[in-house]
Trainee: 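Okay, here's the structure, questions in a sec.
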Amino acid sequence: MDAQTPPTVELNLPQAFLLLATNDQDGKLELPVFALRTTLAGAILAELDMIGAIHLEGKHVRATGTTPGTDFQHELDLIRHKSRPHTPKAWVSMLEGRAEVQRVYEGMVSRGIVEHVGEKHLGVFQTVRYPEKDHAPEAALVQKLEAALSDTSAPPQVPESAEAVSASQDAGAPGAAAAAGVPDAAAAKPAAKAHEPRILALIALLEAAGLLSRLFPAADRVWADELAKDYWPARAVEDELRMIRLAEEEAANL
């Protein structure tokens, strides 16, 4: 392994988002709690979509017929067994909460990525923080994000699930173009460089949370905003955060 390249540690999207949304040194949040919880809910939907467990069908989120292994089986079961389908925004609203945040943090504690630090008030643990313990996973993640954000000359590509990527690869297999009636010259045309779907999904979620420009000040905000609006889990986060802020403004004016 190159000495300049941080070792790769596989993180799911909720873990990656929380890691970036938490201060490395003191474990404090880099954004308001309501924004963290809402975006984490969107990240859970994005993760389930990425592994092909759910998809957007029209205006509603539906479970697919596949049963991939996931850390978010509880959330997948909720979606699968609901008596009627719901919109992405409705699911973000239903999934956001303190328990979900804590569960994802504790999952990273068990992997030695962050540590659980409790602060006592009057002899009782009331505040829990999760400062970084192993910087390598975040360093590798930031490196990938910087690479994607440095190449925004082409329009943003909506992140595709594993199922969609597999279908796309099958379509591009030798002989597939001829079977579809596509001339060989067109089939041989090189495709544009594609970024990792998970990295694109994470960029969209960070933009929806209002965190991207803080972490990457040089990022192309127009490009990222377009990506966030085109990617349904991030768009659901933006819609829910907008409603929360409007409710807070109305309450303040009462």
Trainee: Using side-chain heavy atoms (C-beta onward) and a distance below 4.5 Å, is Lys89 in contact with Met243?
Mentor: yes
Trainee: Of the non-hydrogen atoms in Phe72 and Val104, which two are nearest, and what is the gap between them?
Mentor: CE2-CG2, 4.0 Å
Trainee: Please determine whether side-chain contact (heavy atoms from CB on, under 4.5 Å) holds for the pair Val92 and Ile44, giving the CA-CA distance in whole Å, both sets of side-chain angles, and the decisive distance to 0.1 Å.
Mentor: CA-CA 9 Å; Val92 165; Ile44 292 172; over 6 Å; no
Trainee: Could you measure the distance from the CG atom of Asp220 to the OG atom of Ser153? Nearest 0.5 Å is fine.
Mentor: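 The distance works out to 10.0 Å.
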Trainee: Minimum heavy-atom separation for Ile79 to Arg62, with atom names?
Mentor: CG2-C, 4.4 Å
Trainee: Are the side chains of Glu30 and Thr22 in touch, meaning some heavy atoms are under 4.5 Å apart?
Mentor: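 Of all side-chain heavy-atom pairs linking Thr22 with Glu30, none is under 4.5 Å.
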Trainee: Does the side chain of Phe17 reach to within under 4.5 Å of the side chain of Asn12, using non-hydrogen atoms?
Mentor: no
Trainee: Without hydrogens or angle criteria, can the side chains of His135 and Glu132 be said to hold a donor-acceptor pair below 3.5 Å?
Mentor: yes
Trainee: Hey, are the side chains of Trp223 and Ile203 touching, using non-hydrogen atoms and a 4.5 Å cut-off?
Mentor: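 Counting from C-beta outward, Trp223 and Ile203 do come under 4.5 Å.
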Trainee: Same hydrophobic cluster for Val33 and Leu246, using side-chain heavy-atom links shorter than 4.5 Å among ILVMFWY?
Mentor: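 Result: no, two separate clusters.
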Trainee: In terms of ring plane angle, is the pair Tyr105 and Tyr130 parallel, tilted or perpendicular, where the classes change at 30° and 60°?
Mentor: parallel
Trainee: Go through Met108 and Asp134 one step at a time and tell me if the side-chain contact (heavy atoms from CB on, under 4.5 Å) criterion holds.
Mentor: CA-CA 10 Å; Met108 289 194 287; Asp134 179 4; over 6 Å; no
Trainee: What are the two closest non-hydrogen atoms of Leu45 and Pro88, and how far apart are they?
Mentor: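 Minimum heavy-atom contact is CD1-O, 3.9 Å.
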Trainee: First locate atom OG1 of Thr38, then atom CD of Glu238, and finally report the distance between them rounded to the nearest 0.5 Å.
Mentor: 12.0 Å
Trainee: Output the distance between atom CD1 (Ile54) and atom CG (Leu48), rounded to the nearest 0.5 Å.
Mentor: 5.0 Å
Trainee: How long is the straight-line distance from CG of Leu211 back to CG of Leu206, given to the nearest 0.5 Å?
Mentor: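 The CG atom of Leu206 sits 5.5 Å away from the CG atom of Leu211.
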Trainee: Determine whether the side chains of Gln73 and Asp77 contain a donor N or O and an acceptor N or O closer than 3.5 Å.
Mentor: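 Checked: Gln73/Asp77 side chains pair up, N/O donor to acceptor below 3.5 Å.
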Trainee: If you round to the nearest 0.5 Å, how far is CG of Leu200 from CG of Asp230?
Mentor: 11.5 Å
Trainee: With a 4.5 Å cut-off on side-chain heavy atoms, are Pro159 and Leu227 touching?
Mentor: yes
Trainee: With a 4.5 Å limit on heavy-atom distance, are the side chains of Phe34 and Arg245 in contact?
Mentor: yes
Trainee: Taking Glu47 for its side chain and Leu13 for its backbone only, find out whether a donor-acceptor pair lies under 3.5 Å.
Mentor: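 Yes; judged by distance alone, with no hydrogens or angles, the pair exists.
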Trainee: Any salt bridge linking Glu100 with Arg37? Criterion: basic side-chain nitrogen under 4.0 Å from a carboxylate oxygen.
Mentor: no
Trainee: So which atom in Leu36 and which in Ala21 form the shortest heavy-atom distance, rounded to 0.1 Å?
Mentor: CD1-CB, 3.6 Å
Trainee: Tell me, with the steps shown, if Leu95 and Leu78 meet side-chain contact (heavy atoms from CB on, under 4.5 Å).
Mentor: CA-CA 10 Å; Leu95 294 178; Leu78 285 176; 4.3 Å; yes
Trainee: What closest approach, in Å, do Leu205 and Ala46 show between heavy atoms, and which atom pair accounts for it?
Mentor: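 Scanning both residues, the minimum pair turns out to be CD1-CB, 4.2 Å.
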Trainee: So how far is it from Leu241 CG to Glu96 CD, rounded to the nearest 0.5 Å?
Mentor: 8.0 Å
Trainee: Can you confirm whether the side chains of Gln157 and His195 place a donor and an acceptor under 3.5 Å from each other?
Mentor: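 There is no such pair between these side chains.
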Trainee: Could you tell me whether the side chain of Thr64 and the main chain of Gly52 form a donor-acceptor pair under 3.5 Å?
Mentor: yes
Trainee: Flag the pair Leu20 / Leu145 as yes when at least one side-chain heavy-atom distance between them is below 4.5 Å, and no otherwise.
Mentor: yes
Trainee: Heavy atoms, side chains only, cut-off 4.5 Å: are Lys82 and Met94 in contact?
Mentor: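 Yes, at least one pair of side-chain atoms sits under 4.5 Å.
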Trainee: With the threshold set at 4.0 Å, does a side-chain nitrogen-carboxylate oxygen contact exist between Arg129 and Glu115?
Mentor: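 Salt bridge: no.
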Trainee: Might you confirm whether atom CZ of Arg221 has over 12 heavy atoms from other residues, nucleotides or ligands at distances under 6.0 Å?
Mentor: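 Open: at most 12 neighbouring heavy atoms sit under 6.0 Å from CZ of Arg221.
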Trainee: I'd like to know if Glu240 and Arg235 make a salt bridge, using a cut-off of under 4.0 Å between side-chain N and carboxylate O.
Mentor: no
Trainee: Quick check: closest heavy atoms across Asp71 and Arg103, and the distance to 0.1 Å?
Mentor: O-NH1, 3.1 Å
Trainee: Decide side-chain contact (heavy atoms from CB on, under 4.5 Å) for Arg198 and Lys144; before the verdict, give the C-alpha distance in whole Å, the side-chain angles of both, and the deciding distance to 0.1 Å.
Mentor: CA-CA 10 Å; Arg198 286 181 176 275; Lys144 290 182 177 181; over 6 Å; no
